Amino acid sequence: MKYSEYFIPTLRDVPAEAELVSHQLLLRAGFVRKLSAGVYTLLPLGWRVVQKIESVLRDEMDAIACAEMRMPTLHPREMLEETGRWNVDVVYKLQDRREAEFALGFTHEEVMTDIARRDMRSWRDLPRLLYQNQTKFRDEPRPRGGMIRTREFIMFDAYSFDRDEAGMDVSYQKLKGAYDNFFARIQLPVVTAEADGGAIGDLDNHEFMVLSESGEDTILLCPNCGYAANAERCTVLTPESVLSSAPASNGDKPLEMVSTPGARTIDEVAGLLGTSANNLVKTLIYVADGTPVAVLVRGDHEVNEIKLRRLLKAESLGLADSATVERITGAPVGFAGPVGVIGLRLIADNSLLTMRNFIAGANQADAHYVHVNLGRDFSPTEYADIRVAVAKDLCPSCRTEKLEDARGIEVGHIFKLGSKYSAPMGANYTEESGAAKPIQMGSYGIGITRLLAALIENSHDKDGIIWPVAVAPFSVIIVVTYIKDEALVKAGQELHDALRARGVDVLLDDRDERAGIKFKDADLIGIPVRVVIGKGLANGTVEIKVRKNSNSAREAPVAEAANTVVALLSDLS
RNA sequence: CGGGGCGUAGCGCAGUUGGUAGCGCGCGACGUUUGGGACGUUGAGGUCGCAGGUUCGAAUCCUGUCGCCCCGACCA
């Protein structure tokens with residue numbers, strides 16, 4: 001491919017709209033252009049990277065006999081109503097001329113399950129693995145970070161269909177293995193973290209996370225045993241000794257009310273009383289399925305609403321509005337406390353068990369209690385793990401090391417679905433015994449377009465992108481330094497043809513530009529190997545350089561160049 | 001949806017007390033240059049997001065509206 005005939009609109013300046021490095025580089029290097037918030041065109045280079053990613057994935061799917069299909073983007077309302085997902089808030093809805101209603105596909109569980117219920121009727125049809133890789137549409141409340149969270153994106157989605165849970169577990173491991181291979185091949189380090197399945201499924205599920213400061217999620221990692229979990233999912237371990245023993249009471253100071261005018265937040269109260277947040281107890285009033293409940297956590301902790309929802313088995317859960325809070329506590333928001341709250345379920349986080357003489361709201365305006373103690377001043381209805389895990393918490397797996405935290409970009413999420421979709425949609429198969437049983441399913445998604453961003457966040461320098469060979473838009477760029485020198489042009493063309501003949505994706509920079517511009521662009525777009533045809537040619541050599549290695553430039557005989565490059569690419573893969 | 005910020009040439013930005021719009025880069029032409037984003041000459045390119053209003057006069061002041069970015073909520 002000749003650069004002069006291709007389309008790579010690079011930018012010199014950083015577009016003002018881009019904050020993330022990946023976003024800046026995707027725009028500057030001419031990989032994507034924005035059409036609207038969260039809606040992007042993939043330019044030729046961006047599309048090539050997507051295709052490279054897909055081809056590695058397809059290869060891994062072939063290896064486990066997972067078959068590709070193409071599925072509709074228009075999903076009829078009736079089908080989504082079968083699983084209660086027509087009214088999911090991110091669904092784009094539209095009507096046809098007969099006023100029939102459709103959703104733009106935001107995921108494909110239902111369409112897949114529909115195929116299964118039609119054509120997987122017998123135990124002889126199972127297990128089966130299928131996938132599709134298409135554009136999905138979600139009306140995201142807030143698209144962000146360039147390609148990190150968009151409203152229209154490419155998602156690679158595999159699905160497994162099994163007779164029973166044991167089969168589902170086998171399929172799950174198969175897909176997980178294939179994805180592990182995939183990430184290894186594209187040289188993207190990922191952490192496999194336990195995750196919350198959200199509404200997709202509450203069985204086993206894992207996220208593939210790329211550790212990055214720009215990630216949207218917090219991951220907790222154990223440096224000892226390798227355990228990893230999304231913070232929203234991570235269990236907080238409380239030692240048995242703490243759980244079983246009653247709070248000690250010697251040293252308790254007398255309960256005392258203090259004036260805290262205007263101090264509504266934890267920080268304000270702590271500041272006013274000259275103490276730190278971990279001596280405070282935060283009292284939050286939630287409404288679960290219409291019933292108010294009080295929740296207590298240490299001042300420096302956050303309530304984990306996922307855990308709370310599970311504990312309460314609640315369909316809907318949210319913080320009470322200020323009117324409700326005032327009605328229940330008799331005080332404005334910010335002064336709620338556990339002392340004196342009656343007739344309300346009072347759930348305390350386990351961490352309160354070790355707290356003594358703490359501070360809490362007094363249920364009246366501008367006042368807090370100090371020296372509050374469990375048992376004496378109030379008793380929670382129950383203790384439970386209801387807070388968000390944080391760094392320095394004990395690893396719930398090996399129970400010895402303290403967890404560390406990191407930010408992560410979720411590039412993949414795999415779920416055991418069980419019969420969550422097959423049961424309501426009637427996707428049953430006939431057992432050998434003649435009994436009808438719901439198919440046990442799994443779903444395995446990888447965000448392709450988000451991978452573009454994650455790969456760049458993970459691999460770039462001040463000059464631009466550094467693509468791994470497996471996903472680079474081109475493996476090699478040949479820079480002809482001066483195109484008015486026919487010998488240089490000829491040598492560049494010959495090397496280009498030789499590499500192409502050997503199956504190498506090669507870009508020949510034959511533009512009528514100064515060498516400096518070509519070097520800058522080559523670095524910016526991140527081609528892994530650069531060959532410069534220039535002043536060395538008089539001595540029969542060309543310069544070969546590896547993008548990720550700034551000191552790697554070396555001269556090689558022009559006759560050997562093709563061989564050298566092919567060998568180099570093999571080393572880099 | 002709440003909070004904050006920004007909409008002026010393709011990109012990055014300036015524009016004073018309101019007086020009819022400018023800089024850098026990029027783009028076209030010509031010449032000189034040619035291994036890390038060259039230089040000179042010259043040229044093209046903007047209903048100042050949109051709609052009202054105030055005013056003799058609005059990029060500038062007021063109201064509304066649309067769009068974009070960031071933080072939060074949300075994230076099937």
Side-chain angles (χ1 to χ4, degrees), chain A residues 9-20 23-24 27-30 33-40 75 80 83-92 103-110 136-146 148-151 153 155 157 195-202 205 207 214-217 230 232 302 305-306 317-319 409-410 413 415 417 420-421 443 445 447 450 462-464 479-485 488 509 511-525 530-538 541-543 545 550 553 555:
Chain A
T10 57
L11 270 29
R12 212 175 267 243
D13 297 315
V14 178
E17 69 183 40
E19 187 108 334
L20 287 192
H23 191 194
Q24 293 174 352
L27 290 168
R28 279 191 63 211
R33 286 293 181 263
K34 185 179 69 184
L35 179 60
S36 173
V39 181
Y40 287 84
H75 296 186
L80 289 173
T83 52
R85 297 213 294 179
W86 172 252
N87 282 319
V88 168
D89 60 356
V90 295
V91 176
Y92 280 107
L104 289 182
F106 60 102
T107 179
H108 283 71
E109 278 83 8
E110 284 84 355
K136 315 232 164 161
F137 300 85
R138 291 182 193 170
D139 187 3
E140 289 287 349
R142 176 149 93 88
R144 73 175 96 192
I148 295 280
R149 181 169 292 276
T150 57
R151 299 200 286 201
F153 56 97
M155 177 105 121
D157 247 336
D196 177 71
I200 283 243
D202 47 11
N205 67 96
E207 289 171 332
S214 53
E216 295 182 297
D217 294 285
N230 194 311
E232 66 183 19
E302 294 293 328
E305 294 188 8
I306 292 166
L317 179 73
L319 279 170
I409 302 169
E410 177 190 352
H413 201 158
F415 304 82
L417 299 174
K420 180 163 176 108
Y421 296 90
S443 92
R450 179 180 286 181
K462 65 173 173 44
D463 294 315
V479 174
V480 177
T481 57
Y482 187 51
I483 65 154
K484 293 199 173 64
D485 184 332
L488 298 182
D509 194 345
R511 291 176 298 167
D512 184 9
E513 295 284 359
R514 298 164 62 83
I517 288 179
K518 298 187 184 188
F519 295 149
K520 289 290 185 187
D521 278 336
D523 287 348
L524 182 60
I525 65 182
R530 185 186 76 186
V531 181
V532 180
I533 315 271
K535 55 193 178 191
L537 193 67
T541 64
V542 297
E543 179 198 278
K545 179 168 179 284
S550 50
E555 295 292 319

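As the structure is a computational prediction, the values presented were derived from the model and not from experiment. Every chain is numbered from 1, with letters handed out A, B, ... down the list of sequences.
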Inset, instruction - Under a 3.5 Å limit for both distances, which nucleotide forms a Watson-Crick or G-U wobble pair with rA44(B), could you say? - result: none
Inset, instruction - Check every strand shown and say whether Gly536(A) touches a base, only sugar-phosphate, or nothing at a heavy-atom separation below 4.0 Å. - result: base
Inset, instruction - Send over the distance from Leu35(A) CG to rC68(B) P, rounded to a whole Å. - result: 10 Å
Inset, instruction - Name the nucleic acid region contacted by Lys518(A), choosing base, sugar-phosphate or nothing; use a 4.0 angstrom heavy-atom cut-off, strictly under. - result: nothing
Inset, instruction - Keeping the roles fixed (side chain from Arg33(A), backbone from Tyr40(A)), state whether a donor-acceptor pair exists under 3.5 Å. - result: no
Legend entry - Nearest-Å distance for atom pair CG/P, residues Asp485(A) and rG35(B): 12 Å
Legend entry - Rounded distance (Å) that lies between atom P of rG12(B) and atom CD of Glu17(A): 8 Å
Legend entry - P gap between rU20(B) and rA73(B), integer Å: 49 Å
Legend entry - Donor-acceptor contact below 3.5 Å, side chain Arg151(A) vs main chain Arg138(A): no
Inset, instruction - Ignoring the backbone of Lys520(A), work out which of rG36(B), rC74(B), rG35(B) is nearest its side chain. - result: rG36(B)
Inset, instruction - Taking atom P in both rU16(B) and rC69(B), compute the distance separating them and give it to the nearest angstrom. - result: 28 Å
Inset, instruction - Test for a donor-acceptor pair under 3.5 Å between the base of rG26(B) and the side chain of Asp13(A), counting only N and O atoms. - result: no
Legend entry - Residue matched to rG72(B) through Watson-Crick or wobble contacts both under 3.5 angstrom: rC1(B)
Legend entry - Atom P, compared across rG7(B) and rC48(B): separation rounded to whole Å: 15 Å
Legend entry - Closest listed nucleotide, where the reference is the side chain of Lys545(A) and the choices are rU34(B), rC25(B), rG36(B): rG36(B)
Legend entry - Check against side chain to side chain contact (heavy atoms under 4.5 Å, CB included), Glu110(A) and Trp86(A): CA-CA 11 Å; Glu110(A) 284 84 355; Trp86(A) 172 252; over 6 Å; no
Inset, instruction - Determine, for Lys420(A) against Glu109(A), whether the closest basic-nitrogen to carboxylate-oxygen distance falls under 4.0 angstrom. - result: no
Inset, instruction - Under the side chain to side chain contact (heavy atoms under 4.5 Å, CB included) rule, what do Lys518(A) and Thr481(A) come out as? Steps first, then yes or no, please. - result: CA-CA 8 Å; Lys518(A) 298 187 184 188; Thr481(A) 57; over 6 Å; no
Inset, instruction - With RNA chain B as reference, determine whether Thr10(A) or Glu410(A) sits nearer its 5' end, using the nearest nucleotide of each. - result: Thr10(A)
Inset, instruction - With C1' as the reference atom in both, quote the distance from rG26(B) to rG43(B) in angstrom, rounded to an integer. - result: 14 Å
Inset, instruction - May I ask you to verify if any side-chain N or O of Arg142(A) is less than 4.0 angstrom from the OP1 or OP2 atom of rC71(B)? - result: yes
Legend entry - Closest to the Tyr482(A) side chain, choosing from rU34(B), rG72(B), rG12(B): rU34(B)
Inset, instruction - Could you measure between the two C1' atoms, the one in rG4(B) and the one in rA76(B), and give it in whole Å? - result: 30 Å
Inset, instruction - Test for a donor-acceptor pair under 3.5 Å between the base of rG37(B) and the side chain of Arg28(A), counting only N and O atoms. - result: yes
Inset, instruction - Figure out the CD1/P separation between Ile483(A) and rU34(B), and round it to whole Å. - result: 15 Å
Inset, instruction - Check whether any side-chain nitrogen or oxygen of Arg514(A) sits under 4.0 Å from OP1 or OP2 of rA38(B), and answer yes or no. - result: yes
Inset, instruction - Whole angstrom is fine here: how far is it from CD1 in Ile525(A) over to P in rG37(B)? - result: 18 Å
Inset, instruction - Determine, step by step, whether Arg144(A) and Glu19(A) satisfy the side chain to side chain contact (heavy atoms under 4.5 Å, CB included) criterion, reporting the C-alpha distance in whole Å, the side-chain angles of both residues, the deciding distance to 0.1 Å, and the verdict. - result: CA-CA 10 Å; Arg144(A) 73 175 96 192; Glu19(A) 187 108 334; over 6 Å; no
Legend entry - Whole-Å P distance, rG12(B) and rG49(B): 14 Å
Legend entry - Atom pair distance, as rounded to whole Å: CG in Asp217(A) and P in rG72(B): 12 Å
Legend entry - Distance below 4.0 Å between Ser36(A) side-chain N/O and rG67(B) OP1 or OP2: no
Legend entry - rG19(B): pairing nucleotide in any strand, Watson-Crick or G-U under 3.5 angstrom: rC56(B)
Inset, instruction - Using atom CD of Glu232(A) as one end and atom P of rC74(B) as the other, report the distance to the nearest whole Å. - result: 10 Å
Inset, instruction - With P as the reference atom in both, quote the distance from rU33(B) to rC11(B) in angstrom, rounded to an integer. - result: 35 Å
Inset, instruction - Assign Pro141(A) to base, sugar-phosphate, or nothing according to its heavy-atom contacts below 4.0 angstrom with the strands shown. - result: base
Inset, instruction - Scan Arg530(A) against the nucleic acid and name what it touches under 4.0 Å (heavy atoms): base, sugar-phosphate only, or nothing. - result: base
Inset, instruction - Can you check whether any acceptor in the base of rG35(B) is under 3.5 Å from a donor in the side chain of Glu543(A), or vice versa? - result: yes
Legend entry - Base-pairing mate for rG7(B) - Watson-Crick or G-U, with both contacts under 3.5 Å: rC66(B)
Legend entry - Interatomic distance, Arg149(A) CZ vs rA73(B) P [rounded to whole Å]: 12 Å
Legend entry - Residue pair Ile148(A), Ile409(A): steps toward the side chain to side chain contact (heavy atoms under 4.5 Å, CB included) verdict: CA-CA 8 Å; Ile148(A) 295 280; Ile409(A) 302 169; 3.9 Å; yes
Inset, instruction - Return the nucleotide paired to rU32(B): Watson-Crick means purine N1 to pyrimidine N3 with N6-O4 or O6-N4, wobble means G-U with N1-O2 and O6-N3, both under 3.5 Å. - result: rA38(B)
Legend entry - Sugar-phosphate only, base, or nothing, as touched by Val532(A) at under 4.0 Å among non-hydrogen atoms: base
Inset, instruction - Ignoring hydrogens and angles, answer whether the base of rG36(B) and the side-chain atoms of Asp463(A) contain a donor-acceptor pair closer than 3.5 Å. - result: no
Legend entry - Aromatic Phe519(A) / basic Arg530(A) pairing, under 6.0 angstrom, 45° off normal: yes
Inset, instruction - Side chain of Val90(A) only, please: which of rA73(B), rA38(B), rA76(B) is the nearest? - result: rA76(B)
Inset, instruction - Have a look at Arg138(A) and say if it touches a base, only the backbone sugar-phosphate, or nothing, with a 4.0 Å heavy-atom cut-off. - result: sugar-phosphate
Legend entry - Along RNA chain B (nearest heavy atom to each residue), the more 5'-positioned of Val88(A) and Ala16(A): Ala16(A)
Legend entry - Pairwise P distance for rG5(B) and rC61(B), with rounding to whole Å: 15 Å
